[in-house]
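Just so you know, ligand 1 is whichever comes first in the structure, and atom 1 is the first atom listed for that ligand.
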Amino acid sequence: MSDSPTRTPFLSNDAFSHGVIERFLRYVAIDTQSDPASPTCPSTDKQKNLGALLAQELRDLGLADAHLDEHGYVYATIPATTDKPNVPVICLCSHMDTSPDCSGEGVKPQIVKNYQGGDIVLPADPNQVIRFAEHPALAQQIGHDIITTDGTTLLGADNKAGLAEIMDAAAFLIAHPQIKHGPLKILFTPDEEIGRGVDKVDLKKLGADFAYTMDGETAGNIEDETFSADGAVVTITGVSAHPGFAKGKIEHAIKIAAAIVERLPKDTCSPETTEGREGFLHPIGITGTLEQATLSLIVRDFAEAGLQEKAALLHRIVDEVMRGYPHSTATVEIKPQYRNMKEVLDRHPELVENAREAIRRAGLEPVTTAIRGGTDGSRLSFMGLPCPNIFAGEHAFHSRLEWVSRQDMEAAVRTIVHLAMIWEERA
Ligand SMILES: [Zn+2]
């Protein structure tokens with residue numbers, strides 16, 4: 001940090017309004033659940049309802065190029081306020097869809113003002129309790145206003161908190177043209193929750209050098225690593241016969257598939273037995289008849305070698321099981337899904353450094369962590385747009401216990417504004 005008097009002074013936290021919560025409550029009222037079974041883009045047309053609203057709000061802010069395209073993506077540009085010609089173009093990105101795992105229809109947000117600790121019982125279903133003991137992040141929220149659902153739907157803070165934060169930061173920057181920043185791009189994507197968030201993104205049109213997704217959990221976090229991910233499909237062809245005349249003949253494909261699942265590691269290598277930097281091999285689907293069965297799995301690890309180890313383990317298990325079925329066959333097909341973005345981000349250390357500084361200026365302690373999953377950013381990074389993930393404040397997402405606090409969302413808004421200033425300062 002230099003002490004140059006020409007630079008915009010740090011903004012105090014009081015400079016910001018509290019508009020983010022009002023935006024957030026409006027966005028969660030619009031159902032945007034995505035659907036993995038749909039072949040279209042966006043997978044559900046209703047995502048465009050929110051996209052159209054966001055594009056209109058951006059135009060109302062004065063961003064003339066804001067629009068929703070035919071694939072359900074929202075693009076907009078916040079023009080530079082600096083004379084410096086070489087400030088990188090930074091994109092801010094969030095996704096509009098919510099998880100297919102839990103209903104997002106008729107979301108009724110509840111606000112617990114000035115939270116003082118303890119369990120939060122959701123009013124429409126007393127069985128839905130956000131327990132203090134099970135949500136350790138609540139300990140950091142004393143005195144905050146916590147937004148939950150009524151217990152019948154998810155909240156959609158994943159990732160409408162991010163949308164509201166980017167929208168509020170955009171409104172703030174436009175209202176304060178004296179704040180110096182380079183060109184900023186806004187990108188809102190559909191279908192992130194079903195892994196298709198960047199399938200139809202037009203990176204040329206977007207024209208950004210670097211990006212940040214606002215889709216992380218705990219306030220202060222910046223994530224520069226994701227899992228590396230493969231999908232595996234085991235296809236088994238057994239031997240069928242009439243069950244009344246089958247003695248010594250049948251080799252049952254469903255039973256072969258079950259034997260493979262039974263041999264997967266039980267105390268390690270599964271989502272339910274791992275955490276931190278450990279990966280897993282995880283069955284996600286099984287279909288079959290006597291003659292043919294298909295077993296789908298996902299393979300996750302932070303390192304390429306870890307992925308290969310797990311793929312080798314799957315091959316070994318399949319080979320061992322198949323020895324007991326000499327007339328049947330099994331094939332294992334492994335397809336890459338996404339890769340750990342750290343490999344790309346390490347080539348541009350200023351991306352994470354600038355975000356850490358922005359988080360610090362927003363009044364929080366930055367923490368760099370790894371995501372046990374993927375983001376739009378992991379794929380964008382490998383498509384040529386390096387993209388770490390900054391906190392949005394969302395917690396317990398994809399469930400009826402989902403919550404976010406007003407103060408964390410406001411800290412995210414400040415982080416975005418400082419981030420824009422820091423890229424300009426350091427250019
Ligand atoms: Zn998300």
Are the side chain of T81 and the backbone of H181 linked by a donor-acceptor contact shorter than 3.5 Å?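 Yes; judged by distance alone, with no hydrogens or angles, the pair exists.
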
Can a salt bridge be assigned to the pair E357 and R361 using a cut-off of 4.0 Å between side-chain N and carboxylate O?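 Answer for the salt bridge query: yes.
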
Could you tell me whether R379 and D199 have a side-chain N and a carboxylate O separated by less than 4.0 Å?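 Salt bridge between R379 and D199, a charged N being under 4.0 Å from a carboxylate O: yes.
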
In chain order, what residues pass the ring-ring contact (aromatic ring centres under 6.0 Å, His included) check against F210, with sequence neighbours excluded?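 Per chain and number, F210 pairs via ring-ring contact (aromatic ring centres under 6.0 Å, His included) with H348, W423.
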
For the Zn ion (ligand 1), which protein N/O/S atoms fall under 2.8 Å? Skip waters.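 Less than 2.8 Å away from the Zn ion (ligand 1) sit H95 NE2, D158 OD1, D215 OD1, D215 OD2.
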
Pair F16-F172, ring-ring contact (aromatic ring centres under 6.0 Å, His included): steps then yes or no: CA-CA 8 Å; F16 292 85; F172 183 86; 4.3 Å; yes

More than 12 heavy atoms of other residues, nucleotides or ligands under 6.0 Å from NZ of K200: is that the case?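 Count not over threshold, so no.
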
